[in-house]
Amino acid sequence: EMIQRGGFYKNEQSMQEGVKRLKESLASLRSTDAKKYLPKDQAYASRFANKRADSIAMLADDILVTVKKVKGDDALNYYQQTLNHCTSCHLRIRAY
């Protein structure tokens, strides 16, 4: 939400802080083994979640690069792609 708000109001600092928090939260995702709480037929989702986390981290880096180049539209496009990755993972894992 900080990334989005920062993009809407051209607040580079808010976008940077949002990316920092996002990347920090990915660490907890990677440290949790989803296989422990998912049904056996959904155990593959753990690997899927880790791949999504890697993609989100790369997109977060892209947001920072474009913000520093003062390309707010591009940064918000990367943010939208990030949300798509988040949503796809949440939908798949919570579908059990």
Side-chain angles (χ1 to χ4, degrees):
E1 184 264 332
M2 287 183 79
I3 298 169
Q4 182 179 14
R5 187 172 5 111
F8 287 164
Y9 296 102
K10 297 184 180 185
N11 184 332
E12 181 180 330
Q13 184 177 359
S14 177
M15 292 184 82
Q16 290 173 344
E17 181 62 26
V19 167
K20 177 183 171 194
R21 289 183 184 187
L22 173 64
K23 291 183 82 169
E24 287 171 354
S25 69
L26 290 175
S28 67
L29 174 65
R30 290 189 176 122
S31 67
T32 304
D33 185 7
K35 290 179 185 178
K36 291 180 181 177
Y37 58 83
L38 290 171
K40 288 184 182 182
D41 64 332
Q42 292 285 329
Y44 70 90
S46 179
R47 195 170 100 203
F48 177 80
N50 285 325
K51 284 186 175 189
R52 288 292 176 242
D54 292 341
S55 295
I56 291 168
M58 287 191 311
L59 288 166
D61 290 338
D62 290 339
I63 291 170
L64 288 179
V65 168
T66 54
V67 164
K68 289 177 183 175
K69 291 182 178 180
V70 192
K71 295 188 177 195
D73 289 344
D74 291 342
L76 286 175
N77 285 332
Y78 285 124
Y79 174 70
Q80 180 60 48
Q81 291 177 39
T82 302
L83 287 179
N84 291 341
H85 283 285
C86 295
T87 302
S88 72
C89 189
H90 279 258
L91 289 173
R92 179 173 272 181
I93 289 182
R94 286 176 171 73
Y96 63 90

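As the structure is a computational prediction, the values presented were derived from the model and not from experiment.
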> What is the minimum heavy-atom distance between I3 and L76, and which atoms define it?
Replying inline: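 Reported closest heavy-atom pair: O-CD2, 4.4 Å.
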
> If you take all heavy atoms of V67 and A75, which pair is closest and at what distance?
Replying inline: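 Looks like CG2-CB, 3.7 Å.
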
> Do L83 and L22 belong together in a cluster built from hydrophobic side chains that touch within less than 4.5 Å?
Replying inline: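 Per the 4.5 Å side-chain linkage, L83 and L22 are co-clustered.
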
>> Is there a path of hydrophobic side-chain contacts, each under 4.5 Å between heavy atoms, that joins M2 and Y79?
In response: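 Looking at the clustering, Y79 is in a separate group from M2.
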
Mind checking the [atom1]-[atom2] spacing from [X] to [Y]? Nearest 0.5 Å is all I need.
{"X": "R47", "Y": "R52", "atom1": "CZ", "atom2": "CZ", "result": "12.0 Å"}
{"X": "N77", "Y": "Q81", "atom1": "CG", "atom2": "CD", "result": "7.0 Å"}
{"X": "F8", "Y": "M15", "atom1": "CZ", "atom2": "CE", "result": "9.5 Å"}
{"X": "I56", "Y": "L26", "atom1": "CD1", "atom2": "CG", "result": "6.0 Å"}

> Please, which pairs that meet side-chain hydrogen bond (donor to acceptor under 3.5 Å, both in side chains) have at least one residue in residues 60-73, sequence neighbours excluded?
Replying inline: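 Qualifying pairs, neighbours excluded: K23-D61.
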
> Who passes side chain to side chain contact (heavy atoms under 4.5 Å, CB included) against T87, sequence neighbours left out?
Replying inline: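 Testing T87 for side chain to side chain contact (heavy atoms under 4.5 Å, CB included), a comparison that skips the adjacent residues, returns L91.
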
>> Less than 3.5 Å apart, any donor N or O on the side chain of N84 or Q80 sitting next to an acceptor on the other?
In response: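 Yes, because at least one side-chain N or O of N84 sits under 3.5 Å from a partner of the opposite role on Q80.
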
>> With a sphere of 6.0 Å drawn around CD of E24, does it hold more than 12 non-hydrogen atoms of other residues, nucleotides or ligands?
In response: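 Result for CD/E24: enclosed.
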
>> I need the full list of salt bridge (Lys or Arg N to Asp or Glu O under 4.0 Å) pairs touching residues 5-19, with sequence neighbours left out, sorted by first then second residue.
In response: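 Salt bridge (Lys or Arg N to Asp or Glu O under 4.0 Å) check on residues 5-19 returns E1-R5, E17-R21.
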
